[in-house]
Amino acid sequence: MSEYKVLTAGDTALVVEFGDRVDRKLSSFVLALAGRLDELRLEGIVETVPTYRSLMVHYDPLVISADALVARIVDLMSSLRTVEHGGREWRLPVCYDTEFALDLGDVATRTGLTPAQVIERHSAVTYHVYMLGFMPGLAYMGDLPGELVLGRRETPRIKIPAGSLAIGTAMTCIFPRESPCGIHLIGRSPIALWRPHGKTGTKTGTGPGALLAPGDKVVFAPISLREYRELAAKADAGMLDIEPVNAWTGAAA
């Protein structure tokens, strides 16, 4: 990629900026550079953090200078290759029942669709995990079908339960923990996306207990309220596990 910027972010970080929009092609460059730096394990690099359109590189200036790191990044960019189908694939169960989907009716009204059509369109997409942010394990997944792109709620909720599935702008996400929320709730998943002491999706930028990682692909599998309660009970008992590669099994850990 010929057009990019390397910007300083204080005295212990650099930002490699690839553009000014949310775009899967730009994301592929962000993730490709993060992957190369991760593979090389350059002395002095502390952490890389992918975002929608840039990569933040934290470093120890006592080990590697900013100039030396910039030179290394420029060298890597000259031969950087992206991978079209990188990352893991996940199929996450989601219940769209109105008990959890508090904004489903409003979303349907605002989009001119029926609630069933909202669910159909939302669950028909393979989403790309652009980045993690806001809280540990929260993955920003896009892109929503155009009909479901909405602005934020006029009145944010002070608190929503862990596992809540929401949409806002062109993104969808599952909140790993109880949290405030300013976007539209359309369901809930029994799968824990943040596991401090369990299996993780260890990968550049994920943190120690994040299930999903930037570059992963996600499909949502609609389940009934009864199925949700059964899976949630297994999750509470520590017996609900999930693996990538297009399948969730609900098998005992």
Side-chain angles (χ1 to χ4, degrees), residues 88-109 111 113-127 129 132 134-142 144-145 148 150 153 156-168 171-201 209-212 216-253:
R88 301 159 302 168
E89 299 180 5
W90 301 87
R91 186 173 174 83
L92 301 182
V94 168
C95 179
Y96 293 92
D97 190 272
T98 53
E99 179 174 325
F100 305 134
L102 303 184
D103 296 319
L104 182 58
D106 183 56
V107 169
T109 299
T111 58
L113 302 170
T114 66
Q117 288 172 328
V118 171
I119 294 168
E120 179 185 9
R121 282 160 173 74
H122 184 266
S123 60
V125 174
T126 298
Y127 294 94
V129 178
L132 302 186
F134 182 61
M135 69 172 64
L138 192 149
Y140 287 82
M141 295 175 271
L144 282 171
L148 300 184
L150 296 171
R153 284 173 47 86
R157 290 186 171 90
I158 295 175
K159 184 170 62 176
I160 62 169
S164 293
L165 172 70
I167 61 174
M171 296 291 119
T172 188
C173 58
I174 294 175
F175 285 75
R177 298 180 177 181
E178 186 179 272
S179 167
C181 179
I183 54 180
H184 311 274
L185 301 185
I186 62 167
R188 194 179 301 175
S189 176
I191 301 298
L193 297 192
W194 176 252
R195 303 178 177 191
H197 308 296
K199 294 183 179 180
T200 70
L211 181 70
L212 303 179
D216 284 356
K217 300 296 185 290
V218 175
V219 172
F220 296 114
I223 59 175
S224 68
L225 182 58
R226 177 185 59 80
E227 290 172 312
Y228 172 87
R229 287 174 174 159
E230 290 174 353
L231 293 174
K234 289 184 178 180
D236 290 342
M239 298 177 64
L240 181 63
D241 197 11
I242 185 168
E243 298 290 344
V245 192
N246 293 327
W248 68 275
T249 65

Test your reading of the model: is there a side-chain donor-acceptor pair from Asp216 to the backbone of Arg88, 3.5 Å cut-off? yes

Kindly indicate, with the supporting measurements, whether the criterion side-chain contact (heavy atoms from CB on, under 4.5 Å) is fulfilled by Leu144 and Leu150. CA-CA 10 Å; Leu144 282 171; Leu150 296 171; over 6 Å; no

After noting the C-alpha distance and the side-chain angles of Tyr96 and His122, does the key distance pass the side-chain contact (heavy atoms from CB on, under 4.5 Å) rule? CA-CA 10 Å; Tyr96 293 92; His122 184 266; 2.8 Å; yes

With a 4.5 Å heavy-atom cut-off, do Arg153 and Asp106 have their side chains touching? no

Using a strict cut-off of less than 4.0 Å between a Lys/Arg side-chain nitrogen and an Asp/Glu carboxylate oxygen, indicate whether Arg229 and Asp97 qualify as a salt bridge. no

Pairwise distance OG1(Thr126) to CZ(Arg91) - rounded to 0.5 angstrom: 9.5 Å

With sequence neighbours excluded, residues passing side chain to side chain contact (heavy atoms under 4.5 Å, CB included) with Ala235: Leu240

Trace of the side-chain contact (heavy atoms from CB on, under 4.5 Å) decision for Leu165 with Ser189: CA-CA 7 Å; Leu165 172 70; Ser189 176; over 6 Å; no

Within the side chain of Thr172, is there an N or O that forms a donor-acceptor pair under 3.5 Å with the backbone of Ala166? yes

Looking at every non-hydrogen atom in both residues, tell me the closest pair between Cys95 and Tyr228 and how far apart they are. CB-CB, 3.8 Å

To the nearest 0.5 Å, how far apart are CD1 in Ile183 and CG in Leu185? 8.0 Å

Over all heavy atoms of both residues, which pair between Ile119 and Ser123 is shortest? Give the atoms and the distance, please. O-OG, 2.8 Å

Side chain to side chain, Ser164 and Arg188, heavy atoms closer than 4.5 Å: yes

is_close_aromatic(Phe220, Tyr127), centroid dist under 6.0 Å: yes

Could you tell me whether Lys234 and Glu230 have a side-chain N and a carboxylate O separated by less than 4.0 Å? no

Do Leu211 and Trp90 have side chains that get closer than 4.5 Å, going by heavy atoms? yes

Output for pair (Thr111 OG1, Arg121 CZ), nearest 0.5 Å, gives 8.0 Å

How far apart are the C-alpha atoms of Leu138 and Ser179, what are their side-chain angles, what is the distance that settles it, and do they pass the side-chain contact (heavy atoms from CB on, under 4.5 Å) test? CA-CA 11 Å; Leu138 192 149; Ser179 167; over 6 Å; no

Once you round to the nearest 0.5 Å, how far does CG of Leu92 lie from CD1 of Ile242? 4.5 Å

Considering all heavy atoms of both residues, which atom of Pro176 and which atom of Met135 are nearest to each other, and what is their separation? CD-SD, 3.6 Å

Atom CG in Leu231, atom CD1 in Ile191: separation rounded to 0.5 Å? 6.5 Å

State the CG-OG1 distance between Asp103 and Thr109, to the nearest 0.5 angstrom. 11.0 Å

Are any non-hydrogen side-chain atoms of Pro156 and Pro180 less than 4.5 angstrom apart? no

For a quick test of reading the model, state the closest non-hydrogen atom pair linking Ala210 to Gly137 and the distance between them. CB-CA, 4.1 Å

